[in-house]
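Numbering of ligands and ligand atoms starts at 1, following listing order. All heavy atoms count here, side chains included; hydrogens, waters and symmetry mates do not.
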Amino acid sequence: MTNILFAASQSAWTKYETHLTTALDATGLDYTLATDLPADQVDYIIYAPNATVQDFTPYTRLKAVMNLWAGVEQVVNNPTLTAPLTRMVDAEGLTQGMVEWVTGHVLRHHLGMDAHIVNPDQTWDDTPPPVAKDRPVTILGLGVLGQACASQLSRIGFSVTGWSRSQKDIPGITCLSGPEGLRHALLGAQIVVLLLPDTPATENTLDADALAALPDGAVIVNPGRGTLIDDDALLAALPRLGHATLDTFRTEPLPKDHPYWSHPKVTVTPHIASATRPDSAARVIADNIARAERGETLHHLVDRAAGY
Ligand code: NDP
């Protein structure tokens, strides 16, 4: 018998229970799935941020913790966790959702849609936007989500540059790495999309120096994490930048009195760029548990030292 603990909120359990049961049944495993199990009987923990489990010490036979989210910053540094940690990678749900959100927000700025949607003076400005090949877009982070977004934007025709920790080679994308690579990726970028994880090394990737490398009118789109941007530096740079569309923040929900809410050059979206979708995510988790039970290596393992 494989014992699986769902350690997240009651509302998450309501959304996931049926999907997980269906997906686990399909694997043919003999299992128990519950929100409460004796700690020393638990084989796998399905985990969400703000989960009911913070101390993993009593879980003496734990084989893995499966994080329901792509970002693992809330659990990756937990010293009581010694079992392997996996994160959510779901092409059908999470990745597809992010590609749609990023493409939509990039196209909003590329096409200058705001000028026509909100046009109280009825201005007839028939200046056409450039075609995509003349719009350099930089994506910081070329992981699962960054690569998917880069490929989609490149298919549309954008001139895409990507930056990551290790050097990549992706057809149609200019791939850069390292501090010099970051500078090159920002110089001349008219739209910058942040899809980096929250780690000590990525904090304030867009600091005052990095923001200064962007050309006037550049647009920032941040569905990554709030910690990637030095907020004071961004607020200071906004007068010469085009816009910032921000989905993630250091404090969420974004406090009511935060200057981003009322800034004319900021769009706030409430961490909805892409969500874990219970139906497809349940299949990812069930398949991974079945893999482990067959003695195969887990998919989507987190590198605890790198922090993502
Ligand atoms: P991955 O782990 O697949 O990719 C992370 C990318 O960031 C990799 O390319 C990695 O480089 C790069 N990276 C990490 N550290 C550094 C560094 N110090 N310098 C340069 N590059 C670095 O993650 P995902 O693509 O799946 O997800 C990215 C993030 O998106 C998540 O961590 C999460 O914060 C956010 N997210 C936000 C959502 C939302 O709704 N707003 C939804 C889902 C995710 P390398 O390839 O060399 O390892």
What part of R225, side chain from CB on, backbone N/CA/C/O, both or neither, has a heavy atom under 4.0 Å from ligand 1?
side chain

So does R250 pair up with E203, basic N to acidic O under 4.0 Å?
yes

Within ligand 1, which atoms have a heavy atom of G141 less than 4.0 Å away?
6 (C), 7 (O), 9 (O)

Nearest neighbour in protein (non-hydrogen) for atom 42 (C) of ligand 1
S274 O, 3.3 Å

May I ask you to decide if Q10's main-chain N or O and T14's side chain share a donor-acceptor pair within less than 3.5 Å?
yes

Best match, E73, Q167, M98, M88: closest heavy atom to atom 38 (C) of ligand 1:
M98

Option with minimal heavy-atom separation from atom 37 (C) of ligand 1, where the choices are P223, S164, P179:
P223

Please work out, at 4.0 Å between heavy atoms, whether the side chain, the backbone, both, or neither of V144 comes within that distance of ligand 1.
both

Measuring from atom 31 (C) of ligand 1, which candidate in G146, G71, A148 has the nearest non-hydrogen atom?
G71

Check each atom of ligand 1 against the heavy atoms of D247 and keep those under 4.0 Å away; list them by number with element.
39 (C), 40 (O), 41 (N)

Is there a polar contact between ligand 1 and R165, counting only N or O atoms under 3.5 Å apart?
yes

May I ask you to check whether D198 has an N/O atom sitting below 3.5 Å from an N/O atom of ligand 1?
no

Between P264 and H243, what is the shortest heavy-atom contact and its length?
O-CE1, 4.0 Å

Using atom types as modelled and distance alone, determine if a side-chain donor or acceptor of Q147 lies under 3.5 Å from a backbone N or O of L142.
yes

Is N78 close to F56 at the side-chain level, that is, under 4.5 Å between some pair of heavy atoms?
yes

Out of the candidates I229, V268, L194, only one should pair with L246 under the side-chain contact (heavy atoms from CB on, under 4.5 Å) rule; please name it.
I229

Salt-bridge contact R61-D40 (side-chain N to carboxylate O under 4.0 Å)
no

Among protein heavy atoms, which lies nearest atom 19 (N) of ligand 1, and at what distance?
W163 CH2, 3.4 Å

Answer side chain, backbone, both or neither: which part of W69 comes under 4.0 Å from ligand 1, heavy atoms only.
neither

Which of the numbered atoms in ligand 1 are below 4.0 angstrom from a heavy atom of H271?
39 (C), 40 (O), 41 (N)

Contact between T161 and V137 at the side-chain level, heavy atoms closer than 4.5 Å - yes or no?
no

Mind checking whether L214 and L187 have side chains closer than 4.5 Å, heavy atoms only?
no

Considering heavy atoms of the protein only, find what lies nearest to atom 35 (C) of ligand 1 and give residue, atom and distance to 0.1 Å.
G224 O, 3.5 Å

Proximal ligand 1 atoms for R87, defined as those under 4.0 Å from one of its heavy atoms
1 (P), 2 (O), 3 (O), 23 (O), 24 (P), 26 (O)

Tell me if a side-chain donor or acceptor on Q96 pairs with a main-chain N or O of G93 at a distance below 3.5 Å.
no

Would you indicate which of P270, A273, G143, S166 comes nearest to atom 8 (C) of ligand 1 when only heavy atoms are counted?
G143

Are any of the N or O atoms of Y308 closer than 3.5 Å to those of ligand 1?
yes

Which of the atoms of ligand 1 are close to A201, meaning less than 4.0 Å from one of its heavy atoms?
18 (N)

K168: numbered ligand 1 atoms lying under 4.0 Å from its heavy atoms
45 (P), 46 (O), 47 (O)

Please say whether L145 places an N or O atom under 3.5 Å from an N or O atom belonging to ligand 1.
yes

Look at R225 together with E73 and state whether they make a salt bridge at an N to O cut-off of under 4.0 Å.
yes

Which of the atoms in ligand 1, numbered in the order shown and given with their element, are less than 4.0 Å from a heavy-atom of L196?
7 (O), 12 (C), 13 (N), 21 (N), 22 (C), 29 (C), 34 (O)

Sorted by first residue and then second, give each ring-ring contact (aromatic ring centres under 6.0 Å, His included) pair with at least one member in residues 116-169; sequence neighbours left out.
H110-F158

Is the closest side-chain heavy-atom distance between Y47 and V75 below 4.5 Å?
yes

Quick one: are L186 and L206 in side-chain contact, heavy atoms under 4.5 Å?
yes

Report the part of T248 (side chain from C-beta onward, or backbone N, CA, C, O) that has a heavy atom under 4.0 Å from ligand 1; answer both or neither where that applies.
side chain

For atom 32 (O) of ligand 1, the option (of P197, C149, A306) bearing the nearest heavy atom
P197

Below 3.5 Å, N or O to N or O, backbone or side chain included: is there any such pair between T202 and ligand 1?
no

Could you list which atoms of ligand 1 come closer than 4.0 Å to a heavy atom of L195?
28 (C), 30 (O)

Could you say whether the N/O atoms of L142 and ligand 1 ever approach to under 3.5 Å?
yes

Close side-chain approach of L235 and P259, heavy atoms under 4.5 Å:
yes

